[in-house]
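Working notes, structure below.
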Amino acid sequence: MSLSLAATQPEPPADADDGVWLECIECSETFAPFDDVRYTCDECDGLLEVRYADLPTFDDFAGEGVWRYADALPFETGVTTQEGATPLYEVPRLEADVGVEALRIKHEGMNPTGSFKDRGMTVGVRVAKELGVDRLACASTGNTSAALAAYGSRGGMETLVLLPAGKVAAGKIAQASLHGARILEVDGNFDACLDIVQELAARGEAYLLNSLNPFRLEGQKTIGLEILEGFRDDYGAFPDRIVLPVGNAGNTSALYKAFRELVQAGELDADDVPKLTGVQAAGAAPMVEAIENGADEVRRWDDVETRATAIRIGNPVNAPKALPGIRETGGTAIAVSDEAITDAQRDLAEEGIGVEPASAASVAGLRKLRAEGIVDDAERVACLTTGHLLKDPDAAAAAGSDPEPVPADTEGVIEHLQG
Ligand code: F0G
C-alpha cells in the first residue's frame, strides 16, 4: 500500500480497540494498538500509522489546544500541560519583503517546553501509561529530550535521554536536567543516538518516544489542524503552502496524515491541501537530495553539520511517510545555508518573534523559493517555527547585538549614547 490523499476509509480489523488500530504503511498488516509494545511492522519492519474507524469533521472539534482535536486522536485526553493553541502571527513587513499574498508564522516555540514536541508527548506519554511501561527513552538533538523529561515526570515515569555530546543547545539540556531525565551524552551524532535507543527499546529497556513512535505523530497532526483553522479564521481561506524545517520528517509526515484524514472525511478537497515544503540546512540535507533526485529512498548522510543543531540529522527515519506527502501535495524540499538561517532568525526577531536557528530555516527556505520563482507572489503561506529563541541562547547572542559596557552614572551613560 502506498500513502495517498485518495485512500478510502479502511474497515477496522477484529483486534481494533474502540475503533483504533495500527497499520503498516508498506504491507498493510494491522495490529491491535495497545496490547503490545510495537514501533514498526512485525512482518516487514515498515513504519506504522494509527487508523480510526471514524474520522472527525471540523464541527467535531471543541475546546483549546491539542485535546481540542481529541476526535482525531486515540484518547479523549492525555498527560497534559496545556500544549498547542500556539499563535499564528501576522508579519506584515516580512510578508511584504518576501512578496507573497499572505504570510503567517505558526510559532510552536510558544508550547509549554518551547517546542512542538509537547504535542507529540501529551499523546505519547498517555499511550505509555496505557501500555503500563515505567521507563521512557528518546534520542534527541535537544527538544525531544526536554519535552520527554517534562511529560514523563508529569506522568510519574522515569526518563532516559541520549544526546550527541557537545551538539545540544544549552536551554534544552537545562530543561532535560531540571525535569529529572537521566542524560546520557553519546560520543556520536543524533543518528547514532537513535540507533542505540532503538536497540534499547527492542531489548525492552525502555519505551521509545522518538517520532518513529506512531502515536507521537498523532499529537503533531494538530499543528496542521490548527494552521488550517487559524488561517481560515484570520484570512478566510486555507493556506496554499506550509513551509517547515525538516529533521526526521516527523512533522512533514504528521501534517500529511492530518490532511489525508480531512480529505477522507470530506472536509478538505484534495486540490486544497497545502503544498508541504520542507527545508533543511545545507550541511544536513538528505531529504532535499532525495526530492531533487526523484528517489524513493533517502540516502543516509554520515557527516552532518549545521548551526541549526536541532536539525543536524543525516537519516530522516520518517522519510517513507514524508516523501509521498511532499510529492502528492505538490510541495518541494530545499536546502539553505547557515548564514541564510541566521538572517531569517534576525528577520523574525525584527517582527518580535524569537526563534531558535532550526525554526528560522522555514523562513530562509521561503525566501529562497521566492527568489527562484518556485513560490509565486499570489501564494498564501504559513511558515512553521518549531522552537523558541531561549532554547539556544548562544546562537541568539551570536546573531544579535553585543552588550556595551558603560560606567555606573547617568552622565557617563549619556556620554556613551552620544559617542
Ligand atoms: N525544529 C526543531 C526546533 C526541532 O527540534 C526538530 C527536531 C525539527 C525542527 C525537525 O522536526 O524531525 O519532525 O522533521 N528535533 C528532534 C529532537 C530531532 O530531538 O528534538 P522533524
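Whatever order the structure lists ligands and atoms in, that order sets their numbers, starting from 1. Just the heavy atoms: all of them, side chains too, but no hydrogens, waters or symmetry mates, feed the values below.
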Quiz item: Is atom CD of Glu372 surrounded by more than 12 heavy atoms (other residues, nucleotides or ligands) closer than 6.0 Å?
Solution: yes
Quiz item: Is there a heavy atom in Ala249 that sits closer than 4.0 Å to ligand 1?
Solution: yes
Exercise. Please state which part of Lys117 comes within less than 4.0 Å of ligand 1, counting heavy atoms only: side chain, backbone, both or neither.
Key: side chain
Quiz item: What's the shortest distance from atom 4 (C) of ligand 1 to any protein heavy atom, and which residue and atom give it?
Solution: Ala310 CB, 3.6 Å
Quiz prompt | Heavy atom of the protein closest to atom 10 (C) of ligand 1 (residue, atom name, distance) | solution = Gly247 N, 3.4 Å
Quiz item: What protein heavy atom sits nearest atom 12 (O) of ligand 1, and how far off is it?
Solution: Asn248 N, 2.8 Å
Quiz item: Are Thr252 and ligand 1 in contact, using a heavy-atom cut-off of under 4.0 Å?
Solution: no
Exercise. Would you check whether Thr141 has a nitrogen or oxygen atom less than 3.5 angstrom from a nitrogen or oxygen atom of ligand 1?
Key: yes
Practice problem: Please say which of Thr386, Thr86, Thr385 ends up in a side chain to side chain donor-acceptor pair (under 3.5 Å) with Glu108. | Solution: Thr86
Practice problem: Verify the distance criterion only: is there a donor paired with an acceptor across the side chains of Thr122 and Tyr151 at less than 3.5 Å? | Solution: no
Quiz prompt | For Val246, atoms of ligand 1 separated by under 4.0 Å from a heavy atom | solution = 14 (O)
Practice problem: Show which atoms of ligand 1 fall inside a sub-4.0 Å distance from at least one heavy-atom site of Ile311. | Solution: 8 (C), 9 (C), 10 (C)
Exercise. Measure the distance from atom 13 (O) of ligand 1 to every protein heavy atom, then report the residue, atom name and distance (to 0.1 Å) of the closest one.
Key: Asn251 N, 2.9 Å
Quiz item: Should the proximity of Asn210 to ligand 1, defined as any heavy atom under 4.0 Å, be assigned to the side chain, the backbone, both, or neither?
Solution: neither
Exercise. Distance to 0.1 Å, residue and atom name: give those for the protein heavy atom nearest to atom 20 (O) of ligand 1.
Key: Thr144 N, 2.8 Å
Quiz prompt | Region of Glu356 engaging ligand 1 - heavy atom pairs below 4.0 Å | solution = side chain
Quiz item: Should the ring pair Phe61 and Tyr69 be called parallel, tilted or perpendicular, given that the plane angle runs from 0 to 90° and is split at 30 and 60?
Solution: perpendicular
Quiz item: What part of Ile313, side chain, backbone, both or neither, has a heavy atom within less than 4.0 angstrom of ligand 1?
Solution: side chain
Quiz item: Starting from atom 11 (O) of ligand 1, which protein heavy atom do you reach first, and at what distance in Å?
Solution: Phe116 CZ, 3.6 Å
Quiz item: So, do Phe215 and Tyr39 have ring centers that fall under 6.0 Å from each other?
Solution: no
Practice problem: Starting from atom 2 (C) of ligand 1, locate the nearest protein heavy atom and write down its residue, its atom name and how far away it is, to 0.1 Å. | Solution: Thr386 OG1, 3.3 Å
Self-check item: Asn143 N/O under 3.5 Å from ligand 1 N/O
Solution: yes
